[in-house]
Amino acid sequence: MDKLEYTALGQTISHCVLPNGLNVYVDVRPEYGKQFAFFATRYGGMDVRFRGEDGEWLDTPAGVAHFLEHKTFDTEDGNALQRMAANGTDPNAFTSSSMTGYFFDGVRGLEDDLRTLLSFVSVPWFTPESVAKEQGIIGQEIRMCEDDPNDEAYYRLLEAMYIDHPVRTRVAGTVESIAHITADTLYQCHQAFYRPSNMVLCVAGNVDPQRVADIAQEVVQGTSAPAAVVDHGAQEPEHVGERYTCRTMPVSIPLFALGFKGTPAARGEGLRQRLVAELVCDILFSPSAPLYNRLYEQGLLNSSFSSFYTSAPGCAWMMAAGESRDPERVRDEVLKEAARLGAEGIDRRLWDRLKKAAYGAMVRHLNSMEDTCIELAEAHFDGEDYLSFPQCFQSIERADGEALLRTWCVEGRTALSVISPEE
Amino acid sequence: MLQHWKRLADGVELAVSRTDKFKTGLLSVTLTIPLDADTATAGALIPEVLGRGSRNHPDMERLSSAADELYGASLGPVVRQRGESQCVSFLCSFIDDRYALDGSAVLEPAAGLMGEVLLDPVLQDGVFRQGYVELEGANLADRIHARMNDKRSWAIFRLIQEMCEGERYAVDKLGDAEQAQAMTPEKLWASYRSLLSNAKVTFYYGGAAQPERVEDAVRQSFAPLLSGRSAPVRCQVEARPRGPVRTVTDSMDVTQGKLAMGFRTGGITMGSGDYPALMVCNALYGGSANSKLFVNVRERLSLCYYASSALDKIKGLMVVSSGVEPAQFDRAQEAILNQLDAVQRGDFTQDELVAAARTVANGLRGRLDSQGQVEDDQLTRLLFRTGGEGEDLIRSVESVTADQVVQVAKELRLDTIYRLMGKEGACCG
């Protein structure tokens with residue numbers, strides 16, 4: 001395996017591409033008691049329309065990637081969840097808009113658990129009975145999400161920002177949409193996207209990288225054929241579809257999600273755009289920056305507040321979410337400050353300080369094997385080198401932040417989603 | 001990881017976990033007082049007000065800037081409940097000196113900043129700033145009200161309130177919303193002075209620095225806290241329910257109902273010889289992915305979206321938490337109790353037992369890979385002088401027998417059932 005050295009971070013990553021097209025990354029950590037393995041496919045809630053084997057476009061129901069994630073644990077001789085639980089290992093999975101990831105952390109028997117993980121994910125087994133039963137379980141999960149005001153604010157924001165891009169599709173779908181899923185649908189989607197060339201395996205812990213690669217080569221079936229072509233909708237305009245959306249729910253004070261629709265980064269520019277966008281989030285929303293303090297002093301924001309940058313193929317946005325008695329005023333103040341900073345420039349000392357803090361936060365993040373593996377997988381799919389962030393920080397200038405403020409943080413690209421208390 | 005412990009004065013101690021494993025250091029200071037309805041609000045509010053500014057860095061912008069300069073050290077207040085104590089902490093996580101771009105030390109200035117925030121607040125007329133107290137009081141009240149936003153934890157919170165009514169344990173560690181809003185700078189200042197002189201003080205550091213260096217930094221930055229004090233840390237354990245099983249029902253505008261059930265463990269807590277068996281019993285019953293609740297109630301019967309059990313090892317409680325279709329409440333409740341009955345009858349396989357013990361052991365080992373979880377465990381150990389050393393406890397867990405599990409399962413007694421239903425007409429019938 002190749003060794004990728006990141007001396008500034010004291011980190012070494014072993015990497016190889018298997019003959020079947022699967023990329024394997026191993027982060028050896030001798031002092032850790034646990035091992036973490038993450039096996040992911042570049043397939044998520046937004047990949048609903050794709051070209052099938054026969055060349056015909058296929059429209060699948062919203063929520064199918066997430067449904068597939070649940071059913072992937074089923075195997076011909078039972079359920080992988082229980083099989084791994086017998087080792088005391090607790091496997092789990094998540095589906096985002098653009099990725100489905102399966103993972104476990106285990107203490108011993110890594111090889112056994114790793115084989116199980118690789119096998120149940122890559123070998124499909126679905127029956128009409130198990131699909132019907134899962135419709136009940138996922139229906140409950142969907143209802144639970146629909147009761148969650150934060151989830152609701154988030155999806156309503158995406159629906160407002162995006163006009164055509166399928167990122168506005170709810171990852172879990174709806175009770176209605178998942179009723180159309182059959183075992184055949186699941187087989188079609190599995191075949192289209194669960195191909196080694198469309199997947200990545202990241203392992204961290206006290207492990208032998210070569211053993212990991214050998215097991216993956218042995219267990220993961222399939223050829224290096226590329227994944228299905230996905231339709232992500234017409235070219236998305238720069239402006240948002242709707243600037244404001246609001247509904248009531250049982251919450252104590254209004255919740256909001258404020259979004260700025262960005263421009264997707266060119267291939268190879270993703271990490272850089274992310275660092276710049278995260279710094280812009282800090283410039284606007286960090287407790288050490290003036291705007292947040294002003295809003296906090298005025299009682300317009302409280303400490304349950306966060307901001308972040310997200311990207312997926314064909315889309316990118318910044319978002320701030322929290323609680324406020326007056327979300328519309330928060331939005332207006334943010335736009336005003338962004339315009340001022342875009343015109344007058346960002347204070348040099350503030351910029352340097354936030355850069356230093358952002359670097360430190362990313363170093364801290366590496367303590368977690370889980371976070372590191374997931375970052376490596378995302379970066380792999382995006383064609384980025386995540387652990388090069390120290391060098392990337394050095395190449396970022398204030399002008400980059402100012403340009404982003406001027407182009408993204410403007411009225412036409414801003415949407416506000418509010419959940420307000422019932423009367 | 002090497003553990004060091006030192007008493008700095010009566011009721012003041014320092015624990016250090018020395019390791020190169022992490023890229024960061026974690027320093028915490030914790031002031032522990034009995035959980036009490038009269039003082040809880042102040043206990044929760046004090047660190048928030050302190051976090052607004054010190055004499056040197058009198059507002060959030062300047063204080064956060066100082067933390068940014070330490071490579072984005074995260075310095076924040078945390079209020080925790082440990083049994084019937086309220087633990088008021090500041091935690092600071094910062095990159096290890098090895099990764100500082102200019103090669104400077106980060107531990108000492110980080111300790112300095114924490115000491116400054118805790119002991120040298122910005123004042124107005126000799127007490128806390130009025131504006132800070134008012135705003136943080138309002139924010140705390142909002143947080144207390146916001147508990148209802150997450151229905152899953154709200155159901156557990158309501159269950160505990162009902163089940164432990166009259167016990168200190170039921171006092172909200174965040175205090176009371178009305179008290180928070182009515183707090184004055186003078187009253188809060190008096191509570192702060194009392195907290196500083198009476199609370200038990202626990203310092204903890206995990207990271208690459210040597211214990212001597214940590215001790216020096218602590219002595220340097222927290223000198224006023226190093227005087228002796230006597231602060232008892234206790235927890236009243238009710239071994240059995242006080243009466244017949246109670247059922248409490250609330251309604252809210254929700255589509256999915258919540259069912260929470262509280263059990264007493266017959267007085268078994270983390271200090272008990274039976275505690276390893278209780279941990280395995282909980283994992284077998286509802287605390288893992290191959291537990292009886294998960295496999296039967298969730299997967300086989302599809303009665304719940306989630307159904308799991310958890311222990312409070314200090315208070316001696318087990319809580320089952322589940323999300324159910326409102327129309328299925330009775331069936332779900334029956335199924336959950338049937339599964340407990342099965343454990344009590346010894347109706348489980350050797351494989352289930354082994355898997356449960358492994359789950360618990362893996363969980364205990366895994367906590368050592370997280371600096372934050374190590375801190376949390378060390379605090380519990382230091383406060384209650386028990387909880388077992390990692391490897392010893394793991395060995396005990398791995399040798400638990402089926403009989404022992406049956407014995408502790410028989411000690412579990414249902415105390416209170418809490419149901420959160422949709423409003424009338426809002427759900428299916």
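Residue numbers begin at 1 in each chain, while the letters A, B, ... track the order of the sequences. All values derive from a computational prediction rather than experimental measurement.
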Donor-acceptor pair, side chain of B:Asn362 and main chain of A:Gly106, under 3.5 angstrom: no
Distance, nearest 0.5 Å, that separates CG of B:Leu140 from CG of A:Asn302: 11.0 Å
Minimal non-hydrogen separation, A:Lys356 against B:Glu69, with atom names: NZ-O, 3.1 Å
Salt bridge flag under 4.0 Å for residues A:Glu297 and B:Arg52: yes
Between A:Gly139, A:Gly299, A:Ala8, A:Pro290, the one whose heavy-atom pairs under 4.5 Å with chain B are most numerous: A:Pro290
A:Gln140 and its side chain to side chain donor-acceptor pair (under 3.5 Å) partner, picked from B:Gln256, B:Arg298, B:Gln328: B:Gln256
Among A:Ile138, A:Asp352, A:Leu9, A:Leu350, residue most engaged with chain B (heavy-atom pairs, under 4.5 Å): A:Leu9
A:Ala358 portion near chain B, given a 4.5 angstrom heavy-atom threshold: neither
Contacting region of B:Met148 [heavy-atom separation from chain A under 4.5 Å]: side chain
Under 4.5 Å from a heavy atom of chain A, the part of B:Ser288 involved: neither
Test item: B:Lys23 side-chain N/O and A:Asn367 main-chain N/O as donor-acceptor pair under 3.5 Å: no
Shortest non-hydrogen contact between A:Pro149 and B:Asn149, atoms and distance: CD-O, 4.0 Å
Segment of B:Ala73 engaging chain A (4.5 angstrom heavy-atom cut-off): backbone
Side chain, backbone, both or neither of B:Leu135 within contact of chain A (heavy atoms, under 4.5 Å): side chain
Most contacts with chain A, counted as non-hydrogen pairs under 4.5 angstrom, among B:Glu134, B:Glu136, B:Arg62: B:Glu136
Atom of B:Asp68, atom of A:Ser288 and distance for their closest heavy-atom approach: OD2-OG, 2.5 Å
Flag side-chain contact, heavy atom, 4.5 Å: A:Met144 against B:Lys258: yes
Chain A interface, residue from B:Ser74, B:Ser291, B:Ala138 that has the most non-hydrogen pairs under 4.5 Å: B:Ser74
Side chain, backbone, both or neither of B:Arg300 within contact of chain A (heavy atoms, under 4.5 Å): backbone
Heavy-atom proximity to chain A below 4.5 Å, by part of B:Val360: neither
Check: B:Asp369 side chain, A:Lys34 main-chain N or O, donor-acceptor pair, under 3.5 Å: yes
Distance, nearest 0.5 Å, that separates CZ of B:Arg358 from CE of A:Met84: 13.0 Å
Option that, when pairs with chain A are counted at under 4.5 Å, heavy atom only, ranks first among B:Ser370, B:Ala289, B:Ala67: B:Ala289
Intermediate values then yes/no, side chain to side chain contact (heavy atoms under 4.5 Å, CB included), A:Tyr32 and B:Leu368: CA-CA 8 Å; A:Tyr32 277 65; B:Leu368 299 174; over 6 Å; no
Spacing of CG belonging to B:Asn290 relative to CG belonging to A:Leu81, to within rounding of 0.5 Å: 8.0 Å
Heavy-atom side-chain proximity of B:His145 to A:Ile253 below 4.5 angstrom: no
Working for side chain to side chain contact (heavy atoms under 4.5 Å, CB included), residues A:Ser304 and B:Arg143: CA-CA 9 Å; A:Ser304 86; B:Arg143 267 169 71 202; over 6 Å; no
Residue, of A:Asp105, A:Asn150, A:Ile137, that accumulates the most heavy atom pairs under 4.5 Å with chain B: A:Ile137
Contact summary for B:Ala146 and A:Glu323, nearest pair of heavy atoms: CB-OE2, 4.0 Å
Electrostatic pair A:Arg364:B:Asp96 at N-O distance under 4.0 angstrom: no
CZ on B:Phe22 to CG on A:Leu366, rounded to 0.5 Å: 13.0 Å
Heavy atoms of other groups near B:Gln130 CD, more than 12 under 6.0 Å: no
Shortest non-hydrogen separation from B:Ile95 to A:Gly360 and the atoms involved: CG2-O, 3.5 Å
Toward chain A, the part of B:Gln371 with a non-hydrogen atom under 4.5 Å: side chain
Region of B:Lys21 in contact with chain A, defined by heavy-atom distances below 4.5 Å: both
Nearest heavy atoms of A:Tyr359 and B:Tyr99, plus distance in Å: OH-O, 3.0 Å
Side chain / backbone / both / neither for B:Asn139 at chain A, heavy atoms under 4.5 Å: side chain
Expected output: side-chain A:Asp147 to main-chain B:Val254 donor-acceptor under 3.5 Å: no
Spatial distance of atom NZ (A:Lys133) from atom CG (B:Leu301) [nearest 0.5 Å]: 8.5 Å
